[in-house]
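Below is one structure; the comments refer to it alone.
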Amino acid sequence: MLRIKRKHNLRDIGGFFVEGDRMVGRDKIFRSGSLYNLSNTDALQLERSGVSCIIDLRSPVEVDEKPDTPIPGVKMFYIPFLSDSAIGITHQSGSDPVKIVKNLRKDKAALQTIIPDMEALYLKMVSDPETQKQIGVALNVVIDTVLEGKKILFHCTAGKDRTGVLAAIILNLLGVSRTDILKDYIRTNRSAYPGAVKKGLLIGAMTYSFNMGLSAYQIFMAQQRHLIKTMSIIRKKYGSIDNYATVALGIAPERIDLFRKKMLVHHRK
């Protein structure tokens with residue numbers, strides 16, 4: 001079991017039941033938000049937990065501004081899903097919505113143009129060839145680590161969008177139901193809620209606009225509809241998440257089968 005004091009959206013993706021008498025094994029794959037500026041105690045706890053590698057999905061600028069705390073004995077993989085700034089997803093200083101709104105608050109037309117279409121950003125993430133390549137690389141690292149019998153953790157900044165998409169793909173491949181995948185996805189809101197409320201109120205006050213404040217709040221909360229639409233588009237184009245992993249991400253079917261055998265464990269009803 002992985003426990004650290006600074007729980008930045010950290011959780012095990014195991015424990016979900018699948019058809020038959022199996023469940024996704026615990027203490028194998030973890031997801032979280034940024035590991036920047038961890039305390040010495042938390043870094044030591046991560047090292048002692050047995051996590052052998054960490055995947056950082058953030059953009060190069062995010063990593064440069066707030067690099068992960070180095071942890072002895074843990075391999076670090078930097079596999080950015082987005083190379084450019086994307087308001088609502090990436091969190092480098094240049095994409096801070098509060099600063100952007102502050103600079104543009106007198107230009108109402110410009111303010112309207114900065115509200116991101118999160119659904120479009122999600123669809124771009126899973127359909128852009130370069131991002132697909134990166135998702136495939138990250139998924140291969142996860143599979144390799146699990147097949148070696150070791151533990152892995154992957155994260156972005158908030159652990160919401162990029163991390164949420166990778167977690168959803170993994171859980172789909174393992175046969176977890178849509179209901180449970182969405183449950184895992186919106187658990188992020190336990191961590192996101194305080195910050196989303198604060199930013200929503202601040203932006204609403206700066207712009208004298210309830211709608212702008214509400215939009216800001218929604219951007220920083222996990223919205224089920226974004227993930228539902230994204231997974232639906234993948235299935236419509238590829239037939240299944242398995243086919244998407246094989247065709248678009250370059251994961252061999254036999255590796256997916258081995259991954260399932262290693263991750264799924266029997267449970268007593």
[X] [atom1] to [Y] [atom2] distance, which is reported to the nearest 0.5 Å:
X	Y	atom1	atom2	answer
Ile79	Ile55	CD1	CD1	4.5 Å
Leu46	Thr41	CG	OG1	11.5 Å
Ser59	Arg162	OG	CZ	6.0 Å
Ser191	Met221	OG	CE	10.5 Å
Leu174	Ile241	CG	CD1	12.5 Å
Asn9	Thr157	CG	OG1	11.5 Å

Identify whether [X] and [Y] are in the same connected component of the hydrophobic contact network (ILVMFWY, side-chain heavy atoms under 4.5 Å).
X	Y	result
Tyr217	Phe220	no
Phe16	Leu166	yes
Leu258	Ile170	yes
Leu44	Val74	no
Leu214	Ile219	no

Is it true that a side-chain atom of [X] and a backbone atom of [Y] form a donor plus acceptor pair closer than 3.5 Å?
X	Y	value
Ser32	His155	no
Arg58	Lys66	yes
Asn243	Tyr238	yes
Gln134	Pro80	yes
Lys151	Ser49	yes
Asp21	His266	no

Output all residues satisfying salt bridge (charged side-chain N to carboxylate O under 4.0 Å, His left out) with [X], sequence neighbours left out; order by chain, then residue number.
X	answer
Lys229	Glu119
Lys133	none
Arg31	Asp184

Which residues pass the side-chain hydrogen bond (donor to acceptor under 3.5 Å, both in side chains) test with [X], sequence neighbours left out?
X	answer
Arg225	Gln223
Tyr244	none
Gln224	none
Asn189	none

Do [X] and [Y] come within less than 4.5 Å of each other through their side chains, counting heavy atoms only?
X	Y	value
Met76	Asp56	no
Leu35	Thr69	no
Val51	Ile152	no
Ile29	Met263	yes
Val24	Leu264	yes

Does atom [atom1] ([X]) have a neighbourhood of more than 12 heavy atoms from anything else shown, all under 6.0 Å?
X	atom1	value
Asp64	CG	yes
Tyr78	OH	yes
Glu19	CD	no

message: By the salt bridge (charged side-chain N to carboxylate O under 4.0 Å, His left out) test, which pairs, at least two apart or in different chains, include something from residues 203-219?
response: none

query: Which residue pairs satisfy the salt bridge (charged side-chain N to carboxylate O under 4.0 Å, His left out) criterion with at least one member in residues 241-252, sequence neighbours excluded?
result: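 For residues 241-252: Asp242-Arg260.
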
Might you point out which heavy atoms bring [X] and [Y] nearest each other, and give the distance in Å?
X	Y	value
Leu171	Ile13	CD2-O, 3.6 Å
Pro67	Tyr36	O-CD1, 3.1 Å
Leu227	Leu182	CD2-CD2, 4.0 Å
Ala43	Ile71	O-CG2, 3.6 Å
Ala216	Lys199	CB-O, 4.4 Å
Ile256	Ala245	CD1-CB, 4.0 Å

Could you list the donor-acceptor pairs under 3.5 angstrom formed between side-chain atoms of residues 137-147 and any protein atom two or more places apart in sequence or on another chain?
{"unit_1": "Asn140", "atom_1": "OD1", "unit_2": "Arg255", "atom_2": "NE", "d": "3.2"}
{"unit_1": "Asn140", "atom_1": "OD1", "unit_2": "Arg255", "atom_2": "NH2", "d": "2.9"}
{"unit_1": "Asn140", "atom_1": "ND2", "unit_2": "Gly136", "atom_2": "O", "d": "3.3"}
{"unit_1": "Asp144", "atom_1": "OD1", "unit_2": "Arg255", "atom_2": "NH1", "d": "3.1"}
{"unit_1": "Asp144", "atom_1": "OD1", "unit_2": "Arg255", "atom_2": "NH2", "d": "2.9"}
{"unit_1": "Thr145", "atom_1": "OG1", "unit_2": "Val141", "atom_2": "O", "d": "2.8"}

- request: Please list, chain by chain and in numerical order, all residues satisfying side-chain contact (heavy atoms from CB on, under 4.5 Å) with Ser177, sequence neighbours excluded.
  value: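 Here the qualifying residues are Thr179, Asp180.
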
message: Below 30° counts as parallel, above 60° as perpendicular, anything between as tilted: where do the rings of Tyr122 and His226 land?
response: tilted

message: Can you list, by chain and residue number, the hydrophobic cluster partners of Leu123 when the side-chain cut-off is 4.5 Å?
response: Ile233

